[in-house]
*Asks:* 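Sharing a structure below in structure tokens format, with a few things to ask.
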Amino acid sequence: EDISYEVKIAAFNKITDLNLINKLAIESKEPKLRLEAVNKITDQNILYKVAFEDKYDNVKVAAMNRLNKTYPSQLTKLASDFKELNLKLKAVDLLTDQIELMNISQNNDNWDVRKAAFKKLNDNSLDVLTREAKDPALVLSSKIRLGRISWNEAFSSKDISLNHVI
């Protein structure tokens, strides 16, 4: 505890045992050291645990960034598992995998999270949703985003059932 941060980091950088690095990422009392450890972790379960349980948002986000690069399905899981909306939205914000974003758009239990994921979908993913989504509202909004139909066209018919439009 009397050792300076620089000395701790120098000592940490000499560690090659991944089990010890994983342990430090979870158990160290020093947030900066946990952050350094996150950058060396390769185990997706440890990254998930750090992202989900750490007290500090910067450590959580670092773990989420690592998940996004190598295990995006774990980031999708965090978008559901986090209790705090801001963390759910941060997970979606970091996510780039289109399949995972489509999954969140269709299945997340929070409307704001689904909407955030939907906004990140590219045209190919939207096209897939127009054919495969089970929710008629999702199919319609995908068609509108793709420019295949306008809101006015969708609701101008005397028969305003979504099945007519879709």
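Owing to the predicted nature of the structure, the values given are computational and were not obtained by experimental measurement.
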*Asks:* Evaluate the side-chain proximity of Asp109 to Arg114: yes if any heavy-atom separation is below 4.5 Å, no if none is.
*Replies:*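 In short, these two side chains do not touch, never coming nearer than 4.5 Å.
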*Asks:* Which residue is it: Lys60, Lys49, Arg34? I am looking for the one with a side chain to side chain donor-acceptor pair (under 3.5 Å) to Asp54.
*Replies:*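 With Asp54 as partner, side chain to side chain donor-acceptor pair (under 3.5 Å) holds for just one option, Arg34.
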*Asks:* Donor-acceptor pair, distance only, cut-off 3.5 Å: does the side chain of Asn68 make one with the backbone of Met64?
*Replies:*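 Such a contact is absent between Asn68 side chain and Met64 backbone.
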*Asks:* Do any pairs count as a ring-ring contact (aromatic ring centres under 6.0 Å, His included) and have a residue in residues 102-149, sequence neighbours left out, and if so which ones?
*Replies:*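 Qualifying pairs: none.
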*Asks:* Give the intermediate values and the outcome of side chain to side chain contact (heavy atoms under 4.5 Å, CB included) for residues Lys90 and Val61.
*Replies:* CA-CA 8 Å; Lys90 184 62 177 177; Val61 170; 4.0 Å; yes
*Asks:* Strictly distance-based, threshold 3.5 Å: is any side-chain N or O of Lys88 a donor or acceptor partner for the main-chain N or O of Val113?
*Replies:*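 No; zero donor-acceptor contacts below 3.5 Å.
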*Asks:* For Leu138 and Ser105, which heavy atoms make the closest approach, and how far apart are they?
*Replies:*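 In this case the closest contact between Leu138 and Ser105 is CD2-O, 4.1 Å.
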*Asks:* Is the shortest side-chain heavy-atom distance between Leu101 and Ser125 below 4.5 Å?
*Replies:*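 No, side chains not in contact.
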*Asks:* Quick one: does any side-chain atom of Glu132 pair with a main-chain N or O of Asp127 as donor and acceptor, under 3.5 Å?
*Replies:*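 Judged by distance alone, no pair lies under 3.5 Å.
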*Asks:* Report yes if some heavy atom in the side chain of Ile46 is under 4.5 Å from a heavy atom in the side chain of Ile21; otherwise report no.
*Replies:*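 They are not in contact (no side-chain heavy atoms under 4.5 Å apart), so the answer is no.
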*Asks:* According to side-chain hydrogen bond (donor to acceptor under 3.5 Å, both in side chains), who are the partners of Asn108, at least two apart in sequence or on a separate chain?
*Replies:*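 Applying side-chain hydrogen bond (donor to acceptor under 3.5 Å, both in side chains) to Asn108 gives Ser80.
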*Asks:* Answer yes or no: are there more than 12 heavy-atom neighbours, outside Ile99 itself, under 6.0 Å from its atom CD1?
*Replies:*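 Count not over threshold, so no.
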*Asks:* Determine, stepwise, if the pair Val139 / Arg131 fulfils side chain to side chain contact (heavy atoms under 4.5 Å, CB included).
*Replies:* CA-CA 7 Å; Val139 173; Arg131 295 187 314 272; over 6 Å; no
*Asks:* Counting N and O atoms only, with roles assigned by atom type, does the side chain of Arg145 sit under 3.5 Å from a partner on the main chain of Asn122, one being a donor and the other an acceptor?
*Replies:*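 Flag not set: sc Arg145 to bb Asn122 has no pair under 3.5 Å.
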*Asks:* Main chain of Met102, side chain of Gln106: is a donor-acceptor contact present, judged purely on distance under 3.5 Å?
*Replies:*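 Side chain of Gln106 to backbone of Met102: a pair is present.
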*Asks:* Under a 4.5 Å cut-off applied to non-hydrogen side-chain atoms, are Gln98 and Asn124 in contact?
*Replies:*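 Answer no - side chains too far apart.
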*Asks:* What I'd like to find out is whether the side chain of Asp81 reaches to under 4.5 Å of the side chain of Tyr48, using heavy atoms alone.
*Replies:*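 Touching, per the 4.5 Å side-chain cut-off.
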*Asks:* If you draw the axis of the six-membered ring of Tyr71, does the NZ or CZ of Lys77 fall within 45° of it and under 6.0 Å from the ring centre?
*Replies:*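 Cation-pi check for Lys77 and Tyr71: fails.
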*Asks:* Is the backbone N or O of Ser150 less than 3.5 Å from a side-chain atom of Glu153, with the two atoms forming a donor-acceptor pair by type?
*Replies:*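 Pair found, side chain donor or acceptor close to backbone of Ser150.
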*Asks:* Does any N or O in the side chain of Asp93 come within less than 3.5 Å of the main-chain N or O of Leu89, such that one atom is a donor and the other an acceptor?
*Replies:*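 No; judged by distance alone, with no hydrogens or angles, the pair does not exist.
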*Asks:* Check step by step if side chain to side chain contact (heavy atoms under 4.5 Å, CB included) holds for Leu85 and Asp112.
*Replies:* CA-CA 8 Å; Leu85 178 60; Asp112 290 327; 3.8 Å; yes
*Asks:* Stepwise, does the side chain to side chain contact (heavy atoms under 4.5 Å, CB included) test hold for Leu140 with Thr130?
*Replies:* CA-CA 7 Å; Leu140 178 60; Thr130 65; over 6 Å; no
